Structures are given as structure tokens and as C-alpha cells.
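Working notes for the structure below.
When reading the values below, keep in mind they use all heavy atoms of this one structure, side chains included, and skip hydrogens, waters and symmetry mates. Everything quoted here is computed from the prediction, not taken from an experiment.
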Amino acid sequence: RRVAAQAEAPYELVMMDYRMPEMDGLEAAAAIRADRALPRVPVVVMVSAFGRDDVEHRAGMLGINAFLSKPVAPSLLHNVLAQAFGLEAPEAPRTRER
């Protein structure tokens, strides 16, 4: 998919699963970030249901923009993407005081 990423409209977001055959998501994300042929490095969100603390720590060390734990709820996806793109995430819904 390298050609598409180098085209006039390069990818802005990569949602990378941690567990993949042959190469884990951290290795793949590191390769994307190191690719000097890309016009800009896309925002990378690591997605995982496994080893959350360890994977999240390693993802942060690699400069991955955000981490998303499975299962994914729509509101969580929205908040993580807002965080990854540097937008302010919406406030949590407030409960009515009695």
C-alpha cells in the first residue's frame, strides 16, 4: 500500500492492530514512522485486546499517537481519535444532581 500512501492524498490515519501474523503492530508502526519516502507520517492508533499495559507502554515509547483497547465502543473511538489528532475530546456526560 506504499504507493497509495505516497500519492497526492497520503493516509492521515493508520489504525494498527497489535496482533498480526509475521510482524506485530509495533514493528509495523515503527516501519511506517521511519519511512522517509512518505510526504507526512500518518497518525497511528494502536488497537489491542492483549497485554494492554505492556503494549500501551511500548506504543508510547515508539511515539504512537494513541492506544485503543478492544472491545471498542463508538464514544471511546471518538475520544481516542480526537486525542490522536490533537483535538479536545468531549467531556464525559454529566449526571443530574438531585
Side-chain angles (χ1 to χ4, degrees):
R1 305 295 177 241
R2 181 179 230 185
V3 174
Q6 294 171 334
E8 291 180 23
Y11 298 125
E12 293 183 35
L13 172 68
V14 172
M15 296 191 71
M16 181 72 64
D17 192 43
Y18 172 68
R19 280 215 162 154
M20 300 184 303
E22 298 181 35
M23 178 185 289
D24 73 32
L26 296 173
E27 294 170 317
I32 289 169
R33 294 184 66 78
D35 189 342
R36 301 287 179 228
L38 295 175
R40 70 173 173 252
V41 177
V43 167
V44 178
V45 175
M46 184 63 55
V47 183
S48 180
F50 304 98
R52 183 182 179 346
D53 292 334
D54 179 52
V55 175
E56 188 171 3
H57 175 73
R58 291 173 46 208
M61 297 299 289
L62 287 172
I64 291 172
N65 302 89
F67 188 88
L68 185 60
S69 294
K70 294 177 187 177
V72 178
S75 61
L76 179 61
L77 176 61
H78 179 271
N79 291 346
V80 166
L81 291 178
Q83 172 198 347
F85 281 99
L87 305 172
E88 218 174 293
E91 290 183 31
R94 297 178 189 211
T95 57
R96 284 177 70 180
E97 293 183 27
R98 292 180 185 206

Give me each pair satisfying salt bridge (Lys or Arg N to Asp or Glu O under 4.0 Å) with a member in residues 71-81, each pair once, sequence neighbours excluded.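 Listed by first then second residue: nothing to list.
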Report the residues that fulfil side-chain contact (heavy atoms from CB on, under 4.5 Å) with Leu81, sequence neighbours left out, ordered by chain and then residue number.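 Testing Leu81 for side-chain contact (heavy atoms from CB on, under 4.5 Å), a comparison that skips the adjacent residues, returns Leu13, Val45, Leu77.
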Name the residue from Asn65, Leu68, Val47, Val72 that meets the side chain to side chain contact (heavy atoms under 4.5 Å, CB included) definition with Val80.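 Checked Asn65, Leu68, Val47, Val72 against Val80; only one passes side chain to side chain contact (heavy atoms under 4.5 Å, CB included): Leu68.
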If you take all heavy atoms of Ala28 and Met20, which pair is closest and at what distance?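 Looks like CB-CE, 4.0 Å.
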If we only count heavy atoms from C-beta on, is the [X] to [Y] side-chain gap below 4.5 Å?
{"X": "Leu26", "Y": "Met46", "result": "yes"}
{"X": "Arg33", "Y": "Leu38", "result": "no"}
{"X": "Ser48", "Y": "Lys70", "result": "no"}
{"X": "Asp24", "Y": "Arg58", "result": "yes"}

[X]-[Y] co-clustered via ILVMFWY side chain contacts under 4.5 Å:
{"X": "Met61", "Y": "Phe67", "answer": "no"}
{"X": "Leu76", "Y": "Met15", "answer": "yes"}
{"X": "Met16", "Y": "Val41", "answer": "no"}

Suppose we screen for salt bridge (charged side-chain N to carboxylate O under 4.0 Å, His left out). Which residues come up paired with Glu22, at least two apart in sequence or across chains?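 Testing Glu22 for salt bridge (charged side-chain N to carboxylate O under 4.0 Å, His left out), a comparison that skips the adjacent residues, returns none.
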